[in-house]
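Step one of this worksheet: look at the structure below.
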Amino acid sequence: GLGLSKKKDENFGEWYSEVVVHSEMIEYYNISGCYILRPWTMSIWETMQAFFDAEIKRRKVKNTYFPLFVSPSVLEKEKDHIEGFAPEVAWVTKCGKSELEVPIAIRPTSETIMYPYFSKWIRGHRDLPLKLNQWCNVVRWEFSNPTPFIRSREFLWQEGHTAFATQSEADEEVLEILELYRRIYEEYLAIPVVKGKKSELEKFAGGLYTTSVEAFIPNTGRGVQGATSHCLGQNFAKMFGIEFENEKGGKAMVWQNSWAYSTRTIGVMVMVHGDDRGLVLPPKVAAIQVIVVPVPYKDTNTKEMFEACLTTVDTLTEAGFRVEADLRDNYGPGWKYSHWEMKGVPLRIEIGPRDLEKNQVRLVRRDNSDKVDIPVSNLVERVKDFLDRIQENLFDVAKQKRDASIRVAKTWDEFIEALNQKKMILAPWCDEMEVEEDVKKRTRGETGAAKSLCTPFEQPELPEGTLCFASGKAAKKWTYWGRSY
Ligand SMILES: O=C1CCCN[C@@H]1CCCn1cnc2cc(F)c(Cl)cc2c1=O
Ligand SMILES: [Mg+2]
């Protein structure tokens, strides 16, 4: 089809909506906030899932599946746990023509669904650690502007829920899972993230502390929470009576974690790597890593050319790459180049008459348009080399842009200036909740208030006497701030 009508640097929102549709990842649906995930999306989701599922299975986490529906008495088990969320809970109130006696909620997350059974199943210390995960959809009927992948009313995720006898086991797992989330972003999606701890105001209110990986979208100057790994402490154990008989015969409450990443990861990838020709896929998650396109010339003998294309596909497939040839005779090479560039295929191989004569092929990179003619004899090693360099280059370029978007601010004026320049701000903070609430109030505007994104585990030097950028009190830590999705 035709190219994009909007440019990434001029009209980001519409550019994004166009890219996800033109790359055949998303189809819009007639219910606001709901989207059709097409195969081009699902293949990315499945690649990440394969990695993450294998990694948690190595850690003895078992997959399970709990019901989608939850009764109000169970969901509202802890009033303050859900009072802030109540407006986004979706309810089934009738079936067929008859009203339901009691409405039934659709899960927005599964703590209240799972933990009554944790209480039933965990009796003694031999039942610990209990480590469950489920791959499922959740529904949150949000009203702020829906955005494919980033903010939708239904999304796919995995939610891990674990229980331990000791706090140290829980603390250790929180960070192990967070490292897996970093790997998903940095090693698969080629996106740099910051690992850190959420503030008291931003953490999961039902938990003890929240850690997260934070990404950043330079075009909009917004942070985006990439994935979360919470230590719940013994809060839910108290709520749901999840206790066990320890080795000394005494009763003790378990220490729990919960952790999730979702299809939001895919939206971040589109936003960070996409350009004005469409999607740009990191090779690690591309459903098709190499597309082979024949370039027939007037009276060329297409039979020989098509054979060369199919041989190229076979050779690279045997070498373990995901390769296809576009031999459709109802489209010319030019159309095919644009089509597969729009879909973000990392590497194109062109085979024309001259290439046949010289027993070579032309490689064209999607990320920087570099092209090179290579002899068929070392096709496999050159393709591997190109794909590795594309993966690295996407990460390096994204990291360079993200780092260029970071500003250190030591005063309120510097903070506001950086915020207006769409930066991610690293500022010394007194770590007082009221001060964070005050920052949100003072920065509220049509593009949304600034909030703390995370306190990075890697803390720069904080000289004695450094003052908080917002309160002027003694600063205790360096924290990232910004507007966010
Ligand atoms: O982020 C994770 C990891 C995976 C399991 N869950 C936690 C916390 C989820 C917070 N959260 C997030 N959104 C919610 C929306 C709701 F409608 C209700 Cl009732 C509750 C929540 C809610 O608790
Ligand atoms: Mg929410």
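Computation of the quantities below employed the complete heavy-atom set of this structure, encompassing side-chain atoms and omitting hydrogens, waters and symmetry-equivalent molecules. Order of listing sets the numbers, starting from 1, for every ligand and every atom in it.
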Protein heavy-atom partner closest to atom 13 (N) of ligand 1 - residue, atom, separation in Å: Arg140 CZ, 3.2 Å

Heavy-atom nearest neighbour in the protein, as seen from atom 18 (C) of ligand 1, with distance rounded to 0.1 Å: Phe85 CB, 3.3 Å

Close aromatic pair by centroid cut-off 6.0 Å: His125 and Phe244: no

For atom 9 (C) of ligand 1, the protein heavy atom that lies nearest, with its residue and separation: Thr109 OG1, 3.9 Å

Approximate separation, where rounding is to 0.5 Å, of Phe395 CZ and His273 NE2: 9.0 Å

Ligand-side contact atoms (ligand 1) for residue partner Thr228, heavy atom cut-off under 4.0 Å: 1 (O)

Donor-acceptor pair between Asn11 and Tyr16 side chains, under 3.5 angstrom: no

Nearest protein heavy atom with distance in Å, relative to atom 4 (C) of ligand 1: Ala260 CB, 3.6 Å

Residue and atom name of the nearest protein heavy atom (relative to atom 7 (C) of ligand 1), distance in Å to one decimal: Glu111 OE2, 3.2 Å

Residue portion contacting ligand 1 (non-hydrogen atoms closer than 4.0 Å) for Phe204: side chain

Atoms of ligand 1 close to Val89 [distance to a heavy atom under 4.0 angstrom, numbered from 1]: 17 (F), 19 (Cl)

Test of ring centre spacing under 6.0 Å for Phe240 and Phe118: no

Output field: ring centroids Trp135/Trp157 closer than 6.0 Å: no

Shortest protein contact, atom 1 (O) of ligand 1 (heavy atom only): His230 NE2, 2.9 Å

Geometric cation-pi criterion Arg407 and Phe415, 6.0 Å radius, 45° cone: no

Closest approach of any protein heavy atom to atom 19 (Cl) of ligand 1, naming residue and atom: Pro108 CG, 3.6 Å

Residue that, paired with Arg183, satisfies side-chain hydrogen bond (donor to acceptor under 3.5 Å, both in side chains) out of Glu186, Glu179, Glu187: Glu187

